[in-house]
Amino acid sequence: MIEARHLRVLRAVAATGSFSAAARELGCTQPAVSQQMKALESSAGTPLLIRTGREMRLTQAGGALVRHAAGILAGLTAAEEEVAAIAGLRAGRVRLVSFPSGSSTLVPCALAALRAAHPGTRVSLVEAEPPRSVEMLREGDCDVALAFRYEGATAAEEWSDLVVRPLLADRLVGLVPEGHRLAGADSVTIGEFADESWIAGCPRCRRQLVEVCESAGFVPRIDFATDDYPAVIGLVGAGLGVAVLPELAIESVRPMGARTVTVEPAVQREIVALTLPDLAQVPAVAATLDHLARAAAR
């Protein structure tokens, strides 16, 4: 019989490449990892790892088992949490991953309300941008992923296997230095920034910026690029260029020395909360989705 604890050990070994590294990640000893892997191979009836010096490689059977492990462990988590709720334990655990501007705006309000309503529910938070956050969800490394995609994205089917909870439409706005010629404008077209120096954000936002500018007939001259929204705003405030940022990013940072302007045509990104179908049935996960939706509606 294959045990869940053995699958977790196999995933750790596959991810880290060695028993010792897996032991450090799991917080146990190397002999314990070795013993559990022997037990798993015995249950499977075939070798799962090839030992080459200090590194481990998966056999074909080991690779198959790792591919199925995320779904198996997610299903077990769903079963455990649902049984606990039915038994009246009023306990739960949710692992949330969010992109930075969501972490500073939607997440605090949602988690504060969740804690007040369900004090026994524990929530952990790590940050990652999509598509990495979506990969983490599919790999079983989180229970809820806060993610986004831009209008007209060609990969709408990339979420077809997930439960998608729409939260809000986040419009892109222009950001210019206070003394900029367009700082007092009610609205501007993206083409009016054609000759400007640009400050770009995360890789996905950067690609979107280039696509929008190209549709307006020019290629943006990107002099600075950073994943850190406060840094983008600081560079604009210092007069080093212009940017377009999601409204959530502006909301999370006071734009010292910079002004926002409405950019036409409007470009929006869709903010959503994602989870696996099995996990959507877990009470703590369902409550987290509900509170994220309420935070977004405010």
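This structure is a prediction, so every number in the text was calculated from the model and none was measured.
The cluster map of Ile, Leu, Val, Met, Phe, Trp and Tyr, joined by side-chain heavy atoms under 4.5 Å apart, puts Val176 and Met256 in different clusters. One hydrophobic cluster, built from ILVMFWY side chains closer than 4.5 Å, cannot hold both Leu146 and Val253; they sit in different ones. The cluster map of Ile, Leu, Val, Met, Phe, Trp and Tyr, joined by side-chain heavy atoms under 4.5 Å apart, puts Ile50 and Val13 in different clusters. Under a hydrophobic-cluster definition in which Ile, Leu, Val, Met, Phe, Trp and Tyr are linked whenever side-chain heavy atoms come within less than 4.5 Å, directly or via other members, Val144 and Val97 are assigned to different clusters. Tyr229 and Val244 are assigned to two separate hydrophobic clusters, defined by single-linkage of ILVMFWY side chains at heavy-atom distances under 4.5 Å.
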Worked verdict on Thr16 versus Met56 for side-chain contact (heavy atoms from CB on, under 4.5 Å) = CA-CA 9 Å; Thr16 61; Met56 302 288 175; over 6 Å; no
Check the pair Trp198 / Cys213 against side-chain contact (heavy atoms from CB on, under 4.5 Å), numbers first and verdict last.
-> CA-CA 11 Å; Trp198 283 87; Cys213 292; 4.2 Å; yes
From CA spacing to verdict: side-chain contact (heavy atoms from CB on, under 4.5 Å), Leu276, Val285 = CA-CA 10 Å; Leu276 296 170; Val285 171; over 6 Å; no
Walk me through it: do His180 and Val242 pass the test side-chain contact (heavy atoms from CB on, under 4.5 Å)?
-> CA-CA 9 Å; His180 192 274; Val242 300; 3.9 Å; yes
Going through the distances and angles, do Arg132 and Glu139 end up as a salt bridge (Lys or Arg N to Asp or Glu O under 4.0 Å)?
-> CA-CA 10 Å; Arg132 178 55 192 149; Glu139 291 168 359; 3.4 Å; yes
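The two atoms that bring Arg181 and Glu192 nearest to each other are NH2-O, 2.8 Å, heavy atoms only. Counting all heavy atoms, side chain and backbone alike, Leu292 lies closest to Ala273 at CD1-CB, 4.1 Å. The nearest pair of heavy atoms linking Gly140 to Ala70 is N-CB, 4.0 Å. Counting all heavy atoms, side chain and backbone alike, Ala249 lies closest to Ile233 at O-CD1, 4.1 Å. Taking both residues in full, the closest heavy atoms of Phe19 and Leu49 are given as CE2-CD1, 3.8 Å, listed atom of the first, atom of the second, then distance. Closest non-hydrogen pair, Ala147 versus Trp159, comes out as CB-CZ2, 4.3 Å.
Side chain of Ser98 to main chain of Ser103: a donor-acceptor pair is present (N/O by atom type, distance under 3.5 Å, no hydrogens or angles). The main-chain N or O of Thr262 is never found under 3.5 Å from a side-chain atom of Arg171 such that the two would form a donor-acceptor pair. The backbone N or O of Leu73 lies less than 3.5 Å from a partner atom in the side chain of Thr77, making a donor-acceptor pair. Counting only distance, with no hydrogens or angles, the side chain of Arg294 and the backbone of Cys109 share no donor-acceptor pair below 3.5 Å. The closest donor-acceptor contact from the side chain of Arg204 to the backbone of Phe148 lies under 3.5 Å. Listed for the Thr59 side chain is a donor-acceptor partner under 3.5 Å among the backbone atoms of Pro47.
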Atom pairs and distances, donor-acceptor, side-chain atoms in residues 20-37, under 3.5 Å, two or more places apart:
from: Ser20; atom 1: OG; to: Ser18; atom 2: OG; distance (Å): 3.3
from: Thr29; atom 1: OG1; to: Ala32; atom 2: N; distance (Å): 3.2

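Under the 4.5 Å side-chain criterion, counting only non-hydrogen atoms from C-beta, Ile222 is in contact with Val210. Counting only heavy atoms from C-beta outward, the side chains of Val282 and Thr275 never approach each other to under 4.5 Å. For the pair Phe193 and Val261, the minimum side-chain heavy-atom distance is below 4.5 Å. By the 4.5 Å heavy-atom criterion applied to side chains, Arg206 and Asp227 are counted as neighbours. Contact of the Arg165 side chain with the Asp290 side chain is registered, since non-hydrogen atoms from C-beta on lie closer than 4.5 Å. Taking 4.5 Å as the limit, some side-chain heavy atom of Leu175 sits within range of a side-chain heavy atom of Ile250. Ser133 places none of its side-chain heavy atoms less than 4.5 Å from the side chain of Glu127. Looking at heavy atoms from C-beta onward, Leu168 lies in side-chain contact with Leu106 at the 4.5 angstrom threshold.
By the neighbour-count criterion of 12 heavy atoms within 6.0 Å, atom CZ of Arg122 is sparsely surrounded, having that number or fewer from other residues, nucleotides or ligands. Other residues, nucleotides and ligands contribute only 12 or fewer heavy atoms inside 6.0 Å of the CZ atom of Arg115.
Of the inter-residue distances, the one linking Leu114 atom CG with His291 atom NE2 reads 5.0 Å to the nearest 0.5 angstrom. The structure places CG of Asp228 at 9.5 Å from CG of Leu235, a figure rounded to the nearest 0.5 Å. The distance from atom CD of Gln208 to atom CZ of Arg149, rounded to the nearest 0.5 Å, is 13.0 Å. In this structure, CG in Leu248 is found 6.0 Å from CZ in Phe99, a value given to the nearest 0.5 Å. Distance check: Thr288 OG1 to Asp143 CG gives 8.5 Å after rounding to the nearest 0.5 Å. Ile72 contributes atom CD1, which lies 11.5 Å from atom CZ of Arg67 (distance to the nearest 0.5 angstrom).
In this structure Arg269 satisfies the salt bridge (charged side-chain N to carboxylate O under 4.0 Å, His left out) test together with Asp170, sequence neighbours excluded.
With respect to Phe224, the side chain to side chain contact (heavy atoms under 4.5 Å, CB included) criterion is satisfied by exactly one of Val236, Val232, Ile199: Ile199. Of the candidates Val163, Leu289, Leu162, Leu274 forms a side chain to side chain contact (heavy atoms under 4.5 Å, CB included) with just one, namely Leu162.
Classification of Arg51 and Glu41 as a salt-bridged pair holds, one side-chain N sitting under 4.0 Å from a carboxylate O.
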